[in-house]
Every structure is written in C-alpha cells, then in structure tokens.
Amino acid sequence: MARPLEPNRRRSLSDPLAAALMPPPNESAADRERRLEAESEAKRVSDGIDEMLRAEKKEKKTKPEIKVLILGQSESGKSTTLKQFQLMHATAAFHADRIAWRAVIYLNLVRSVRRILDAVSPESDEAEDQELTSLSSATRVVKYPQYRHALEPLRELEERLIRMLSSPNGDEPTHTAPSKPDWSIYANGNSNAHVTVGKNGRPAPFITIPPSWTSSPLSPSTSLPSPGGSSNSSSKSKNVEVSVHHTSNWKKAFSLGNRIKSPKSAHTNEIEGWWDDPSDPVHVLNSCAQPMLALWKDPSVKQRLREKRIRVEEGSGFFLDEISRITALRYFPSDQDVLKARLKTTGVVEHSFSIADSQRRFTTWKIYDVGGSRNQRHAWAPYFEDVNAIIFLAPISAFDQLLAEDPEVNRLEDSLLLWKSVISNKLLAHVSIILFLNKVDLLQAKLKSGVRLSHHIPRYGDRPNDYENVSTYFYNKFGSIHQAFSSNKEREFKIHFTSVTDTRRTATIIQNVRDIIITVNLKNIHLM
C-alpha cells in the first residue's frame, strides 16, 4: 500500500517537474546568469510558437481552407469528377493539358479494338467454357482474318504508348520537356521501362504492365482488358489495366511546348505540328482507321459481342464511335475527350483551387482523388483528419459487373459495403457527405437493352425494370444505409444522380455541392 503524502510536505519535494526546475545546488553567479538567459530564450521561443498558432487560427477564420475527399471504388468516376472541378475552376490549366491526353486517348482506342479482336476470334471460342452459347450456334465473323492482319500494327503501337507513359524521367523537375515528344526512341523496345531510382532518391514513376504484353504478339488467344479495365460479368478477359503512379509527370512528356506555334520556315505561315512527325502514333492510327471502322460496324462482330455479353461501350475510355475524328492527322482532344479518357493513377492525387463564394470571398480548396481499388483503400485513413466533405461515387450501372481485383464480388455490392464503412466511420462524424449515384446514362442504356436488375439483385423482385423505378430503388437503398449506420445522422447529406462525363449537368451539381460545403464550413468557423 502506497504511503500517503505528508500534509505539510513542500510541493518541490513531491513534484518532479518543480524539482527539475530548481536551481542546481552550489550554483555560481555566472552559471545562474547563463541559466536565466537560457530560460528567457526558451520562453521567447515558446511565446513565439503560441503567437504563430493564434495567427494560424485567426487566418483560418479569415481565409479558410476546405479539404474534400473523392472516394469510391475503382472506375466509379472519381478522376472524371476531379477533371470537372479543374475544368470549372482551373480552365486555363485544363486546356493547356488537353494535348497531352492525346496519347492516352489513342491508347484507349487501341485497347478497345484489340479487345474486340480477342473476343471475336475463333480460337477464343474454343478456349472458353461453353457457358453461354455452343460453338455450333455462335456467330462467326467471316472477315476476322482480314481484320486481324490489317490491325496488326496496333500491337506495336500499344507497346510504344505504354513505354512512353512509363518514361522514368517524367518526374524530374529539372527535366525540360522537348519541343515535341520524340516518339521514335520508344519504338522497337528502345526504352527502359523498368522502375529505377530518380535523382531525388525516390522511386521514379512506374507503370504497371502485364508481363505478357511486352513480348507476346497479338494472338487470337491473348485476353485483353477493356479500355477502362472493367469487365462484364461474363467476360473472360483478364482484368488488368495500365496504371501510372501519381508522381509521374507523364503530361510533360506528351506536351508539345511551343513547337505547334512555330512556322515550318521563314517563307510560310504554315505551322509545324505532330502531323509532320513521321514517328508520331497518329500515322499508324490514321492508316488503320478504315479497318477499325469496318470492324466496329460489322453486324457479325456486334452480334458476337452480344452473345458474349461484352459491352465495350460501358468501359471508361470508349472512343469507338469517334474513330474517324480521333484518327485524323490533326486531331486535337476536346474537353469531352479528356473527361472520357481513362488512365488509372495509383496513389493520392491532390489539386488546389481558389474558389469564390457568393460574396466574392476566395477560399482555397484542396481536393484529393485517392485510389479506389481494394489494395489502395488503406491509404484513405490519413486523409480523414480535418477533411470538410466527402464526395462518394457509386456507379449504379455496374450492378451486373464484377470487381476487377476480385471476380467473385459484384461491383454494386462492393459499393454498398464501401459506402457503409465510410458513413459509419466515427472519424468522419462531422464531415458533410455528398453521394453521387453515377453513370446513370449507362444505367438507362443497359435497362433499355433488356438487362434485368432482378437477375443480379434478386431482392428487387418483379418491380418494373425501367429507369425511374430502378434509380429510385438505388436512391432508397443507399439512403437507408446512411440512416441506419451513419455515425452522425444530423450531418449535411445529399444524394445526386450523375453522369460525370456530362459537363453541363455536372457543372450544375458541382455548383450546388460547392455552395453546401462553403455554407457548412462557414458555420463551423463561427463555432471555433
């Protein structure tokens, strides 16, 4: 049993801190002067820190900063939502980057074409389990050998684009972008696409490339992912896609600098552009434009894709309806093209914007787009601190699709579980939540084509299989989960039906979301 302190015992004898602050015994006058000076300096530093903290708090009140997290599973529309914020609030920078997206759009188109070739090849039918149709009833694409031969150059082009995206010099701040991309150095494997250590000591930007792609020729049995990396539930394609690390400054490598504005010679006003570079990918695409068009428009190809229940038009990065425009020699990406383009980024992407409220007061917004695949979700938690709002995207058109990283899990089921884990997190109890039920355009098209929700979600029962009823079902489903499991049912919570590639509609929604977040943030500041 501990002995109680003596009632009249001096505090200095029982308080370790007081004892530590006592002057040392036998302290000389010189030592005492030095000690007092050190204590005075320590107090000055401490008071300075306190003043800085007070100033920061005051500045936060007068010049607030808003942090927004964009969450959701992979391919839910997070990056497109961030692009929409850029288009609205950093328009000049967005437009300056458009030319860099040309290579990504080319890659999306090439991979869509190669996926179709893989799906309609006779050899792929023999390799597959006969789950959907027997070989005798399967539609035969008579012109397949011609298509395959004519589109063979796309295999080498795909590898070139991947190698250039994985250029290890992309993140060096001292690296000057060339006046135009040197496409020739990435041809015929003349590039080191392995992960290396950069000059700054960090790993150089890397790209995830399925090993079989870099050496194997295009063969009928080679399974290719969709342009956006998603797969229909019945597709046998391998669910892998190209991805670059967030530190990779790949846009710099694909920018043209001032080259596009330079005249060809002093005697002409004609400008020189990428179309004059014989090694530019556009020349391969332009030469393959007609066979690509013929493949996509071939009725037997369309029928074979329907039999396999492969809907390439649902994937991110779908440009098959724009072949003639995109393969033109002087093609320049539009805003809509950039919004549709798909390039998976690993890690956390941060963008800052200065946004004015209704009274023309500017606020700094920091918006974070974090990876949505299962192996990246562990990186979310550190960003929960001090976040003001979360925009959560749930692609409700994916009710008949499976997760790329786990083909046993339905994508909509994964979205619901992810939604529940976010809204029930106690760290986010006072965070405003905005739910985007996304890809409603694809949902409408899917329901119109005859895909029944009840075949994939039996609980839907025999309710009408139209957009109005199905969308209401999803609205109530996500809303009821928030009501049942939210860590704060009184928080600001809104649901929007969205198609984030639709600029006009999304701009209106973002405007509403922005006003809500600013209003809630101002209320919180007044309570500080």
Side-chain angles (χ1 to χ4, degrees), residues 74-80 82-83 97-119 151 153-166 181 183 186 207-210 213 218 222-232 235 237-244 248 250-251 253-254 274 280-286 288-289 291-293 295-296 305 310-328 331-346 395 404 439 441-442 499-501:
S74 182
E75 275 202 275
S76 58
K78 299 187 302 298
S79 296
T80 307
L82 180 56
K83 290 178 193 174
D97 285 341
R98 281 192 305 181
I99 190 63
W101 283 93
R102 187 170 60 98
V104 177
I105 293 166
Y106 287 163
L107 183 60
N108 290 164
L109 177 60
V110 168
R111 296 183 70 209
S112 293
V113 171
R114 294 196 63 207
R115 186 188 180 205
I116 293 175
L117 283 172
D118 172 60
L151 297 172
L154 297 184
R155 177 190 64 81
E156 190 271 339
L157 176 59
E158 180 182 28
E159 293 178 358
R160 286 175 60 199
L161 291 169
I162 290 173
R163 281 194 294 271
M164 193 164 188
L165 279 167
S166 62
W183 300 96
Y186 297 94
I207 192 165
T208 304
I209 310 174
W213 290 11
L218 175 60
T222 301
S223 293
L224 291 170
S226 67
S230 66
S231 173
N232 183 270
S235 174
S237 296
K238 295 177 182 177
N239 293 314
V240 287
E241 68 172 311
V242 175
S243 60
V244 295
S248 171
W250 62 268
K251 292 178 185 176
F254 289 102
W274 59 86
D280 192 279
V282 71
H283 296 288
V284 176
L285 283 170
N286 186 263
C288 292
M292 281 194 285
L293 278 167
L295 174 73
W296 180 234
L305 293 176
I310 295 175
R311 294 183 288 273
V312 289
E313 61 272 17
E314 291 184 10
S316 303
F318 174 73
F319 293 99
L320 287 170
D321 288 338
E322 308 285 343
I323 291 174
S324 296
R325 182 175 63 87
I326 288 172
T327 58
Y331 162 69
F332 195 100
S334 65
D335 290 349
Q336 192 64 25
D337 293 339
V338 174
L339 291 172
K340 288 169 58 179
R342 169 68 177 175
L343 180 63
K344 181 178 179 180
T345 304
T346 59
K439 303 196 177 184
D441 54 333
L442 297 180
S499 172
V500 292
T501 56

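Positions are given from 1, in the same order as the sequence printed here.
Between the NZ atom of K78 and the CG atom of L82 there is a distance of 11.0 Å, given to the nearest 0.5 Å. Here CG of D337 is found 12.5 Å from CZ of R102. Values are rounded to the nearest 0.5 Å. For the atom pair CZ of R342 and CD of E75, the computed distance is 4.5 Å after rounding to the nearest 0.5 Å. A distance of 10.5 Å separates NZ in K344 from OG in S79, rounded to the nearest 0.5 Å. Annotation: the span from R115 atom CZ to L117 atom CG amounts to 12.5 Å, rounded to 0.5 Å. Distance check: D335 CG to T501 OG1 gives 13.0 Å after rounding to the nearest 0.5 Å.
The minimum heavy-atom distance linking P333 with I105 is given by the pair CB-CD1, 3.9 Å. Here the shortest heavy-atom pairing between G317 and N108 reads O-CB, 3.3 Å. The nearest pair of heavy atoms linking V104 to A341 is CG1-CB, 4.3 Å. When all heavy atoms of I323 and A289 are compared, the pair lying nearest together is CG2-O, 3.9 Å. The two residues I116 and W296 come nearest to each other via the heavy atoms CD1-CE3, 3.6 Å. The two atoms that bring L107 and E158 nearest to each other are CD1-CG, 3.8 Å, heavy atoms only.
Ring-plane geometry between Y106 and Y331 is classed as tilted, the angle between the planes lying from 30 to 60 degrees on a 0 to 90 degree scale.
The cationic atom of K83 (NZ for Lys, CZ for Arg) lies less than 6.0 Å from the six-membered ring centre of W101 and within 45° of the ring axis.
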Set out, in order, the CA-CA distance, both residues' side-chain angles and the distance that settles side chain to side chain contact (heavy atoms under 4.5 Å, CB included) for I310 and V312, then state yes or no.
CA-CA 6 Å; I310 295 175; V312 289; 4.0 Å; yes
Start with the C-alpha distance between M292 and L154, add both sets of side-chain angles, then the distance that settles side chain to side chain contact (heavy atoms under 4.5 Å, CB included), and finish with yes or no.
CA-CA 10 Å; M292 281 194 285; L154 297 184; 4.1 Å; yes
Begin with the C-alpha distance, continue with both residues' side-chain angles, and end with the deciding distance and a verdict on side chain to side chain contact (heavy atoms under 4.5 Å, CB included) for L339 and V500.
CA-CA 8 Å; L339 291 172; V500 292; over 6 Å; no
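Between the side chain of K340 and the backbone N or O of F319, no donor-acceptor pair lies under 3.5 Å. With N286 contributing its side chain and T327 its backbone, the two residues share a donor-acceptor pair below 3.5 Å.
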